[in-house]
**Q** 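Got a structure for you, written out below as structure tokens; questions coming shortly.
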Protein chains: 2
Amino acid sequence: MSRRSGILEFAVLGLLREAPMHGYELRKRLNTSLGIFRAFSYGTLYPCLKTLVANGWLIEEPGSAPEDALAASLAGRRAKIVYRLTAEGKEHFEELLSHTGPDAWEDEHFAARFAFFGQTEHDVRMRVLEGRRSRLEERLEKMRASLARTRERLDDYTLELQRHGMESVEREVRWLNELIESERAGRDQRSRPEGAARHDNDSGETGGLPRHGGSTRPDPSDDTAK
Amino acid sequence: MSRRSGILEFAVLGLLREAPMHGYELRKRLNTSLGIFRAFSYGTLYPCLKTLVANGWLIEEPGSAPEDALAASLAGRRAKIVYRLTAEGKEHFEELLSHTGPDAWEDEHFAARFAFFGQTEHDVRMRVLEGRRSRLEERLEKMRASLARTRERLDDYTLELQRHGMESVEREVRWLNELIESERAGRDQRSRPEGAARHDNDSGETGGLPRHGGSTRPDPSDDTAK
DNA sequence: AATTTCATGTAATTCGTTACATGATTCC
DNA sequence: GGAATCATGTAACGAATTACATGAAATT
């Protein structure tokens with residue numbers, strides 16, 4: 001029972017390591033702050049939270065506003081619930097983080113792990129990055145072989161689609177190479193304790209990750225991305 | 001009932017336009033020949049084929065080997081079934097191909113459509129490409145805005161993940177720009193009739209699509225991509 | 001003779017969404 | 001006072017997978 005992809009569970013635990021939160025806020029962070037732009041709905045999230053509580057990894061606390069506790073005790077009022085990670089939950093998350101099973105290299109699993117790299121160590125990061133890379137190289141090899149086999153039978157558009165797909169994977173590999181390199185260069189420098197956030201917002205070389213050009217700099221025209 | 005994503009249905013109809021096939025072969029082509037490297041399992045494919053037959057878009061024919069018809073009539077022997085597109089099926093596919101609904105710009109829908117671009121016309125191709133591009137530009141805008149809002153709160157890895165994600169989308173837009181340009185240049189030149197395949201395998205400028213460097217050329221070490 | 005590939009299907013299960021139902025709080 | 005956003009949930013449904021069950025044909 002409960003095979004579950006684990007990504008949601010993993011991400012929830014990881015986010016709650018930083019701070020206790022409402023389900024509502026958790027969902028927002030899941031959809032944005034986390035590098036994965038994948039959307040999770042309440043229909044997925046709330047039941048998941050319940051099972052995490054049942055496993056003892058989270059506890060429910062009355063909402064932060066002082067009147068909530070009172071409110072909840074009255075009539076049919078719905079309580080606002082803040083979820084907090086328990087010690088067991090913390091332990092479990094740490095285990096998931098360093099236990100690099102065979103799915104850990106898949107697209108979304110990898111992205112989820114990567115998003116929490118700040119909470120793990122150099123060794124684990126290297127293992128995950130290298131695992132991911134070799135997984136992608138395998139994929140590339142298959143694509144190459146498959147293309148070689150079917151090349152003549154394909155029309156221009158199908159061919160172009162495959163070419164482009166392979167190129168994307170190749171780029172992904174190059175990205176991993178960069179990451180691995182700067183991981184090697186930076187060594188343990190950025191294994192940060194606890195869910196520490198980034199406070200140095202200015203430009204100085206921060207040590208670990210590769211610096212890129214400004215093409216991705218946020219647009220001044222901000223706001224209301226629905 | 002049967003809301004179904006439609007991608008599988010669409011792809012099956014498109015592949016069967018070229019030639020009648022067994023479910024088995026269909027699945028293989030779905031996973032490779034088509035630029036989408038997405039895997040479909042039998043558990044998905046066979047039931048889908050049944051409903052397509054029920055809709056009158058396909059008919060089942062006895063397998064190509066002459067003994068199959070006989071074999072099927074005996075005891076509990078399982079028949080080999082070749083699926084062939086009916087006239088109605090052809091019509092339906094054409095409709096799906098040119099009818100660019102709101103999902104048509106989504107990742108997989110787009111890829112599926114693109115894979116069958118050879119079976120449609122310049123106008124439809126332009127509409128799909130431009131729709132896809134503006135969809136991606138919207139996405140990019142949201143990502144930019146979201147990043148601008150949360151930048152300071154994110155740690156280096158999460159930030160890098162987002163940066164990389166945005167860069168991928170930017171690349172995708174550039175690819176579409178190239179395609180749109182060569183589509184404009186080539187005009188109707190390559191609206192090919194029926195499910196025609198590519199027979200000119202040599203290097204001469206074939207007219208429509210952009211030519212790329214050899215980085216994606218198939219590896220001489222071929223074979224057995226499981 | 002054994003193994004791989006061809007070939008067709010079903011049942012149980014997983015993961016997730018949409019639509020619905022409800023209500024409090026904050027902003028304008 | 002009305003709209004947007006905060007906040008929590010459930011029921012029905014959708015799309016697809018995995019594991020199972022079966023067996024024929026081709027290859028080594």
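Every chain is numbered from 1, with letters handed out A, B, ... down the list of sequences.
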**Q** For A:Ser168, which residues count as a side chain to side chain contact (heavy atoms under 4.5 Å, CB included) partner, sequence neighbours excluded?
**A** A:His164

**Q** Please pick, from D:dG9, C:dT25, D:dT5, the nucleotide with the shortest atom-to-atom distance to any side-chain atom of A:Lys80.
**A** C:dT25

**Q** Separation of B:Leu45 atom CG from D:dT18 atom C1', in whole Å?
**A** 16 Å

**Q** If the cut-off is 4.0 Å, is A:Thr44 near the phosphate of C:dT17, judged by side-chain N/O to OP1 or OP2?
**A** yes

**Q** Per the salt bridge (charged side-chain N to carboxylate O under 4.0 Å, His left out) rule, what does the pair list look like for residues 22-34 of chain B, sequence neighbours excluded?
**A** B:Glu18-B:Arg29

**Q** Atom OH of B:Tyr46 and atom C1' of D:dA16: how far apart are they, to the nearest Å?
**A** 16 Å

**Q** Please state how far atom CD in B:Glu60 lies from atom P in C:dG9, giving the value in whole angstrom units.
**A** 7 Å

**Q** I need the OH-C1' distance between B:Tyr42 and C:dA11, as an integer number of Å.
**A** 18 Å

**Q** Report the distance from atom OH of B:Tyr24 to atom P of C:dT5, rounded to the nearest whole Å.
**A** 8 Å

**Q** Which residues satisfy the side chain to side chain contact (heavy atoms under 4.5 Å, CB included) test with B:Arg135, sequence neighbours excluded?
**A** B:Trp105, B:Glu106, B:Glu138

**Q** Quick one: is B:Lys28 getting a side-chain N or O under 4.0 Å of the C:dT5 phosphate, OP1 or OP2?
**A** no

**Q** Using a heavy-atom cut-off of under 4.0 Å over every strand shown, decide if B:Leu8 touches base, sugar-phosphate, or nothing.
**A** nothing

**Q** List in chain and number order the residues that pass salt bridge (charged side-chain N to carboxylate O under 4.0 Å, His left out) with B:Glu60, two or more places apart in sequence or in another chain; answer none if no residue qualifies.
**A** B:Lys50

**Q** For C:dT17, does either OP1 or OP2 sit under 4.0 Å from a side-chain N or O belonging to A:Ser41?
**A** yes

**Q** Just checking B:Gly43: base, sugar-phosphate only, or nothing, at a heavy-atom cut-off of under 4.0 Å?
**A** base

**Q** May I have the step-by-step check of salt bridge (Lys or Arg N to Asp or Glu O under 4.0 Å) for B:Arg171 and B:Glu167, ending in yes or no?
**A** CA-CA 6 Å; B:Arg171 284 198 62 77; B:Glu167 201 182 87; over 6 Å; no

**Q** Nearest of D:dT8, C:dG9, C:dC6 to any side-chain atom of B:Ile81?
**A** C:dG9

**Q** Under 4.0 Å between a side-chain N/O of B:Lys50 and OP1 or OP2 of C:dT8, yes or no?
**A** no

**Q** For A:His22 and D:dC6, give me the distance from atom NE2 to atom C1', rounded to whole Å.
**A** 9 Å

**Q** Which nucleotide, C:dG9, D:dT5, C:dA7, lies nearest any side-chain atom of B:Tyr83?
**A** C:dG9

**Q** Of all the heavy-atom pairs spanning B:Thr158 and A:Ala115, show the shortest one and how long it is.
**A** OG1-O, 3.4 Å

**Q** In whole angstrom, what separates A:Ile7's CD1 from C:dT14's C1'?
**A** 13 Å

**Q** Which angle, to the nearest 10 degrees, lies between the helix axes at the two ends of the helix from C:dA1-D:dT28 to C:dC28-D:dG1, each defined by five pairs?
**A** 40°

**Q** How would you list all residue pairs meeting salt bridge (charged side-chain N to carboxylate O under 4.0 Å, His left out) that involve residues 108-117 of chain A, not counting sequence neighbours?
**A** A:Arg38-A:Glu108

**Q** Can you measure B:Glu9 atom CD to D:dG14 atom P for me and round it to whole angstrom units?
**A** 14 Å

